[in-house]
Q: 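I have a structure I would like to understand better, so I am pasting it below and will then ask my questions one at a time.
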Protein chains: 2
Amino acid sequence: MPSSSLDRPSSLDRQVQRRLRERGVRYTTGRRALVAALTAVDGPRSAAELHELLQPAMPLSSLYRSLSVLQDAGVVAPHHGAKGITRYEMAEWFAGHHHHLVCVECGSVDDVEIPTDLEARLRVLIDQVASAAAFEPLDHSLEISGRCERCS
Amino acid sequence: MPSSSLDRPSSLDRQVQRRLRERGVRYTTGRRALVAALTAVDGPRSAAELHELLQPAMPLSSLYRSLSVLQDAGVVAPHHGAKGITRYEMAEWFAGHHHHLVCVECGSVDDVEIPTDLEARLRVLIDQVASAAAFEPLDHSLEISGRCERCS
DNA sequence: TTCCTTGCAAACGATTTGCATTGGA
DNA sequence: TCCAATGCAAATCGTTTGCAAGGAA
């Protein structure tokens with residue numbers, strides 16, 4: 001099996017721990033497992049998906065509570081998808097800036113990065129349209145919807 | 001009051017009617033009111049928001065059912081937002097291709113259009129990243145999150 | 001007459017919360 | 001020891017559905 005953040009404190013773990021400590025909350029075994037699971041996958045995952053991914057199992061209520069804490073601390077970020085399902089992924093300061101491929105069939109979401117030159121253009125453009133609308137931009141995400149490899 | 005599609009059949013109404021007829025469903029008074037309401041606003045609206053917008057009031061169950069019919073017919077399109085709330089807007093063949101400004105405070109969503117030259121670049125880029133991921137792109141949307149004018 | 005549509009109430013499913021217990025610093 | 005975290009069950013809330021009544025073609 002691959003070594004996980006459960007083995008010994010990684011740089012990521014120390015960063016997360018610091019962020020949680022600042023907010024007076026603990027970085028418990030369950031939360032470590034959650035962060036490890038989200039770090040190991042390539043796109044956002046729902047509470048239900050994480051539930052059956054985690055070993056040993058964590059009750060859904062604890063899972064939701066931990067996700068909420070991690071989100072407040074800026075460790076994970078939510079993605080809102082079809083059927084009212086929220087999926088979570090590591091925040092961009094850890095996962096890097098990326099965009100999403102959303103499958104219209106199965107609802108799966110994968111990460112993609114786009115070339116820096118277009119990313120730069122995008123940022124310039126966003127500042128322009130946002131200021132025209134008196135909107136203060138904080139983040140952006142390009143959602144590409146379509147059919148994923150498995151569903152086509 | 002402004003003249004609405006309830007007065008006499010507009011070009012939009014005829015288009016919608018044709019699409020619904022093709023599917024063997026009726027373009028009823030309630031559905032007309034729904035389309036009129038969605039046409040009159042500048043961004044996606046949730047079932048609850050439409051519920052209190054519509055006069056006379058339509059039960060939420062009928063509202064959801066009509067939205068479902070209109071969505072299947074490609075007349076309206078869903079947008080999935082925070083708190084698991086789905087908002088609906090006129091499909092792009094009517095509203096035109098656009099992107100979204102999503103407020104992280106109040107959850108409101110506004111439409112924006114971006115210059116055609118960047119839109120063209122975006123399309124080229126999307127085809128590139130999608131084919132690299134064996135993904136068949138059908139649509140895309142740039143989500144700009146931040147603080148809207150009222151919340152800043 | 002034949003289906004589609006509507007309204008109401010009940011059902012559903014994802015997420016949240018109250019409360020008593022457990023556990024880490 | 002003290003306060004946060006956990007587990008369970010019950011509650012919430014957006015959304016869906018069963019069923020009987022109403023309406024358009």
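Computed from a predicted structure; not experimentally measured.
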Q: Please give, in whole Å, the distance from D:dT16 C1' to B:Gln71 CD?
A: 14 Å
Q: So does B:Glu149 have more than 12 non-hydrogen atoms from other groups sitting under 6.0 Å from CD?
A: no
Q: Can you pull every protein N or O that's under 3.5 Å from an N or O on nucleotides 10-13 of chain C?
A:
none

Q: Can you tell me if B:His97 and B:Glu119 form a side-chain donor-acceptor pair at under 3.5 Å?
A: yes
Q: I need the CZ-P distance between B:Arg65 and D:dG14, as an integer number of Å.
A: 19 Å
Q: With sequence neighbours left out, which residue pairs that include part of residues 31-83 of chain B fulfil the ring pair (Phe, Tyr, Trp, His ring centres under 6.0 Å) condition?
A: B:His79-B:His100
Q: Counting only distance, no hydrogens or angles, is the base of C:dG24 paired donor-acceptor with the side chain of A:Arg21 under 3.5 Å?
A: no
Q: Between A:Gly30 and B:Ala48, which has a closest nucleotide on DNA chain D that is more 5'?
A: A:Gly30
Q: Distance check needed: D:dT6 C1' versus A:Leu70 CG, whole Å only.
A: 15 Å
Q: Starting at atom CG of A:Leu20, determine the distance to atom P of C:dA25, rounded to an integer number of angstrom.
A: 13 Å
Q: Has the side chain of A:Arg31 got a donor or acceptor that lies under 3.5 Å from a partner of the other kind on the base of C:dG24?
A: no
Q: Please state how far atom OH in A:Tyr64 lies from atom P in D:dA10, giving the value in whole angstrom units.
A: 19 Å
Q: If only side-chain N and O atoms count, and only distance matters, is there a donor-acceptor pair under 3.5 Å linking A:Glu113 with A:His98?
A: no
Q: Using whole Å, what does the distance between atom P of nucleotide C:dT15 and atom NE2 of A:His80 come to?
A: 10 Å
Q: Applying side chain to side chain donor-acceptor pair (under 3.5 Å), can you list everything that pairs with B:Arg19, at least two apart in sequence or on another chain?
A: none
Q: Tell me, please, which residues at least two apart from B:Ser68 pass side chain to side chain contact (heavy atoms under 4.5 Å, CB included).
A: B:Asp72
Q: Could you tell me, to 10°, how much the axis swings from one end of the helix from C:dT1-D:dA25 to C:dA25-D:dT1 to the other, five pairs per end?
A: 30°
Q: A:Ala47 has a side chain; which of C:dT15, D:dT6, C:dT6 sits nearest to it?
A: C:dT15
Q: Residues two or more places apart in sequence or in another chain: which of them pass side chain to side chain donor-acceptor pair (under 3.5 Å) with B:Ser46?
A: B:Glu49
Q: The test is side chain to side chain donor-acceptor pair (under 3.5 Å); show your working for A:Gln17 and A:Arg14 and say whether it passes.
A: CA-CA 5 Å; A:Gln17 177 129 63; A:Arg14 268 178 266 114; over 6 Å; no
Q: By salt bridge (charged side-chain N to carboxylate O under 4.0 Å, His left out), which residues pair with B:Asp139, not counting sequence neighbours?
A: none
Q: A:Tyr27 OH to C:dA25 P: how many Å, rounded?
A: 13 Å
Q: Roughly, in whole Å, what's the span from NE2 in B:His79 to P in D:dG14?
A: 18 Å
Q: Residues two or more places apart in sequence or in another chain: which of them pass side chain to side chain donor-acceptor pair (under 3.5 Å) with B:Arg65?
A: none
Q: In the 5'-to-3' direction, what one-character label does each nucleotide of nucleotides 20-25 of chain D receive under the scheme B = base within less than 4.0 Å of a protein heavy atom, S = sugar-phosphate only, - = no such atom?
A: ---BB-
Q: How would you label the contact of A:Ser68 with the nucleic acid (heavy atoms, under 4.0 Å): base, sugar-phosphate, or nothing?
A: nothing
Q: Are the side chain of B:Arg45 and the backbone of B:Gly43 linked by a donor-acceptor contact shorter than 3.5 Å?
A: yes
Q: Other than B:Ile114, what residues sit in its cluster of Ile, Leu, Val, Met, Phe, Trp and Tyr side chains whose heavy atoms are under 4.5 Å apart, directly or through others?
A: A:Leu101, A:Val112, A:Ile114, A:Leu118, A:Leu122, A:Leu125, A:Ile126, A:Val129, A:Phe135, A:Leu142, A:Ile144, B:Leu101, B:Val112, B:Leu118, B:Leu122, B:Leu125, B:Ile126, B:Val129, B:Phe135, B:Leu142, B:Ile144
Q: For B:Ser66, which contact category applies under a 4.0 Å heavy-atom criterion: base, sugar-phosphate, or nothing?
A: sugar-phosphate
Q: Assess whether atom CZ of B:Arg21 is packed by more than 12 heavy atoms of other residues, nucleotides or ligands within 6.0 Å.
A: no
Q: Identify, with sequence neighbours excluded, every residue that meets side chain to side chain donor-acceptor pair (under 3.5 Å) alongside A:Glu52.
A: none
Q: Mind running a 4.0 Å heavy-atom check of residues 52-63 of chain B against DNA chain C and sending the residues that fall below it, in number order?
A: B:Pro59, B:Ser61, B:Ser62
